[in-house]
Amino acid sequence: MTPTVPTVLVLDADPPPRLGRLTGRARIVHTDAAHLAERLPAADVLLVWDFTSHAVRGAWPGDGPRPRWVHAASAGVDHLMCPELAASDTVVTNARGVFDQPVAEYVAALVLAVAKDLPRTLEYQRERTWRHRETRRVAGTRACVVGSGPVGRATVRALKALGVTTALVGRVPRTGVHGPDDLDRLVSRADWVIAAAPLTERTYRMFDARRFGVMQPSAFFVNVGRGDLVDEEALARALARRWIAGAALDVFAAEPLPADSALWELPGLIVSPHMSGDTIGRRDELGAQFVEFYERWAAGRALPNVVDKARGYVPGH
């Protein structure tokens, strides 16, 4: 009698993951959001390959048959968490470790581009305008990085390499990490404020009118965490009133950002389409990570990157 193999259900995005290494060891079933609910009960494992989809929230079967393990091919898991999943015994893991360095490089690139006025240099080149300016020295400036997980720590390392004095803020204070009580003080002194925290009830819109109000007029704000860390209307007002010098958003409350959003043309704001961690070859890396995790799971070994479903992230933040 041929032994049965576990069923891996993949919530697809284009291109789909390369899971050839699991041939003969898993039954791979692909689905779109429309058919997710009907296929979930028969799955042993759910791979949420489409990191933009919120379909899992509405499709999760509650008390019925359900996958024993859900893996998100993303760092954030807020797009798939729902009360039924949180209350279940299903293990949730994420792609922690894949995006850390790319996001840190993106933040460092933004800091350098802003300090050296590169956007205006490119604009003047298009206009064939020769206009000499003086630019800012990066070394010796201060940064406050909010979010002490792998992305935040990688960002600190990248900025320190540029000579930036950096403070890291996490959920609880510990060696090398400030707690939330220090956040306003650190933000008020920072030239660069970097949001890299997970989205939880505590961090929802933590960057609001009051927090932008305590920043220096010369401060530059960057969000590479989750869109809802920021009150976007408050940020727009802060930029319009010149409470801060500028901002860059790579994540938004609504994605894709609607074409009629005022954020596209907001003076002082750099908009990028949730791409800070998306480097060439990252899909292969994400697929290989899932295969590695699957081999551990199938062998009965402990999974890495297990999300604390009550907190909404992998402990260690």
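Throughout, numbering of the chain's residues begins at 1 and tracks the sequence. Keep in mind that this is a model prediction, so the values were computed, not measured.
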Indicate, with yes or no, if Val314 and Phe51 share a hydrophobic cluster defined by side-chain heavy-atom contacts under 4.5 Å among Ile, Leu, Val, Met, Phe, Trp and Tyr.
->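 They do not share one cluster, since no chain of ILVMFWY contacts under 4.5 Å joins Phe51 to Val314.
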Should Arg66 and Asp89 be marked as a salt bridge (Lys or Arg N to Asp or Glu O under 4.0 Å) after you check the CA-CA gap, both sets of side-chain angles, and the distance that decides it?
-> CA-CA 10 Å; Arg66 56 186 180 269; Asp89 57 0; 3.3 Å; yes
Between Tyr124 (side chain) and His132 (backbone), is there a donor-acceptor pair under 3.5 Å?
-> no
Does Arg136 make a cation-pi contact with Trp192, if we ask for NZ or CZ under 6.0 Å from the ring centre and within 45° of the axis?
->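 Judged by the rule, Arg136 and Trp192 form a cation-pi pair.
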CZ/Arg242: more than 12 non-hydrogen atoms of other groups inside 6.0 Å |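 Counting neighbours around CZ of Arg242, 12 or fewer heavy atoms of other residues, nucleotides or ligands fall under 6.0 Å, so no.
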Heavy-atom pair of closest approach, residues Leu186 and Cys144 =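 Here Leu186 and Cys144 meet closest at CB-SG, 3.9 Å.
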For residues Asp191 and Gln216, determine if any side-chain heavy atom of one lies less than 4.5 Å from a side-chain heavy atom of the other.
-> yes
Would you say Pro315 and Asp308 make side-chain contact, with heavy atoms under 4.5 Å?
->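 Yes, their side chains come closer than 4.5 Å.
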So which of Val145, Val177, Ile194 actually passes side chain to side chain contact (heavy atoms under 4.5 Å, CB included) with Val156?
-> Val145
Any donor and acceptor pair, going by atom type alone, linking the side chain of Arg133 with main-chain N or O of Asp117 inside 3.5 Å?
-> yes
With the side chain counted from C-beta on, respond yes when Val45 and Leu47 share a heavy-atom pair under 4.5 Å apart, and no when they do not.
-> no
Could you check Arg25 against Glu295 for salt bridge (Lys or Arg N to Asp or Glu O under 4.0 Å), going step by step and ending with a plain yes or no?
-> CA-CA 9 Å; Arg25 294 187 288 167; Glu295 290 171 342; 3.1 Å; yes
Within a reach of under 6.0 Å around CD of Glu233, are more than 12 heavy atoms found that belong to other residues, nucleotides or ligands?
->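 It does not: Glu233 CD has 12 such atoms or fewer within range.
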How long is the span from the CG atom in Leu168 to the CG atom in Asp182, to the nearest 0.5 Å?
-> 11.5 Å
Is there a donor in the side chain of Arg226 and an acceptor in the side chain of Thr203, or the other way round, less than 3.5 Å apart?
->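 Checked: Arg226/Thr203 side chains show no N/O donor-acceptor pair below 3.5 Å.
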Can you find a side-chain donor-acceptor pair between Asp250 and His274 that sits under 3.5 Å?
->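 No, no side-chain donor-acceptor contact under 3.5 Å.
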Do you know which two heavy atoms are closest between Glu232 and Gly227, and how far apart they sit?
->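 Looks like OE2-O, 4.5 Å.
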Verify same cluster id: Val169, Val214 (apolar side-chain graph, 4.5 Å) | yes
Considering only heavy atoms from C-beta outward, does the side chain of Ile270 approach that of Val114 to under 4.5 Å?
->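 Counting from C-beta outward, Ile270 and Val114 do come under 4.5 Å.
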Decide if atom CD of Glu127 counts as having more than 12 heavy atoms of other residues, nucleotides or ligands within a radius under 6.0 Å.
-> yes
So, Ser88 side chain and Ala86 main chain: donor-acceptor pair closer than 3.5 Å or not?
-> no
Measure across Thr31 and Leu36 and return the closest heavy-atom pair with its distance rounded to 0.1 Å.
->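 Closest approach of Thr31 to Leu36: OG1-N, 3.6 Å.
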Would a hydrophobic clustering, with Ile, Leu, Val, Met, Phe, Trp and Tyr connected at side-chain separations under 4.5 Å, put Val271 with Leu118?
-> no
Is there a donor-acceptor pair under 3.5 Å between the side chain of Arg18 and the backbone N or O of Asp284?
-> no
Side chains of Thr90 and Trp69: do they bring a donor and an acceptor to under 3.5 Å?
-> no
Any donor and acceptor pair, going by atom type alone, linking the side chain of Asn94 with main-chain N or O of Ala72 inside 3.5 Å?
-> no
Less than 4.0 Å between a side-chain N and a carboxylate O, is that true for Arg210 and Asp184?
-> yes
Short question: side chain of Asp228, backbone of Tyr204 - any donor-acceptor pair under 3.5 Å?
-> no
Just by distance, do the side chain of Arg57 and the backbone of Asp78 share a donor-acceptor pair under 3.5 Å?
-> yes
Answer yes or no: is there a donor N or O on one side and an acceptor on the other, between the side chain of Arg153 and the main chain of Ser148, under 3.5 Å?
->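 Here the side-chain-to-backbone pair exists.
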Shortest non-hydrogen contact between Val138 and Thr141, atoms and distance = O-OG1, 2.6 Å
State, to 0.1 Å, how close Ala42 and Thr7 come at their nearest heavy-atom pair, and which atoms those are.
->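 Taking Ala42 first and Thr7 second, the nearest heavy atoms are O-CB, 3.8 Å.
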Transitively linked via ILVMFWY side-chain contacts under 4.5 Å: Val103 with Val251?
->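 No; tracing contacts between hydrophobic side chains, which count when under 4.5 Å, never links both residues.
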Are any of the side-chain heavy atoms of Leu239 and Ile244 separated by less than 4.5 Å?
-> yes
For Val91 and Trp297, what are the C-alpha separation, side-chain angles and deciding distance, and is it a side-chain contact (heavy atoms from CB on, under 4.5 Å)?
-> CA-CA 11 Å; Val91 176; Trp297 176 82; over 6 Å; no
Can we say Asp208 and Arg205 salt-bridge, meaning some charged N sits less than 4.0 Å from an Asp/Glu carboxylate O?
->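 Salt bridge absent between Asp208 and Arg205.
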Does the side chain of Asp44 reach to within under 4.5 Å of the side chain of Arg27, using non-hydrogen atoms?
-> no
Between the main-chain N or O of Leu85 and the side-chain N or O of Lys309, is there a donor-acceptor pair closer than 3.5 Å?
->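 Here the side-chain-to-backbone pair exists.
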Whether Phe212 and Phe221 hold their rings parallel, tilted or perpendicular, with breakpoints at 30° and 60° =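 Answer is perpendicular, since the angle exceeds 60°.
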Under 6.0 Å from the CZ atom of Arg296, do we count more than 12 heavy atoms belonging to anything else shown?
-> yes
Report the C-alpha distance between Leu249 and Ser272 in whole Å, list the side-chain angles of each, state the deciding distance to 0.1 Å, and finish with yes or no for side-chain contact (heavy atoms from CB on, under 4.5 Å).
-> CA-CA 6 Å; Leu249 300 180; Ser272 58; over 6 Å; no
So which heavy atom on Ser74 is nearest to which on His79, and how close?
-> OG-CE1, 3.3 Å
Taking Asp12 for the side chain and His30 for the main chain, is one N or O donor matched with an acceptor at less than 3.5 Å?
-> no
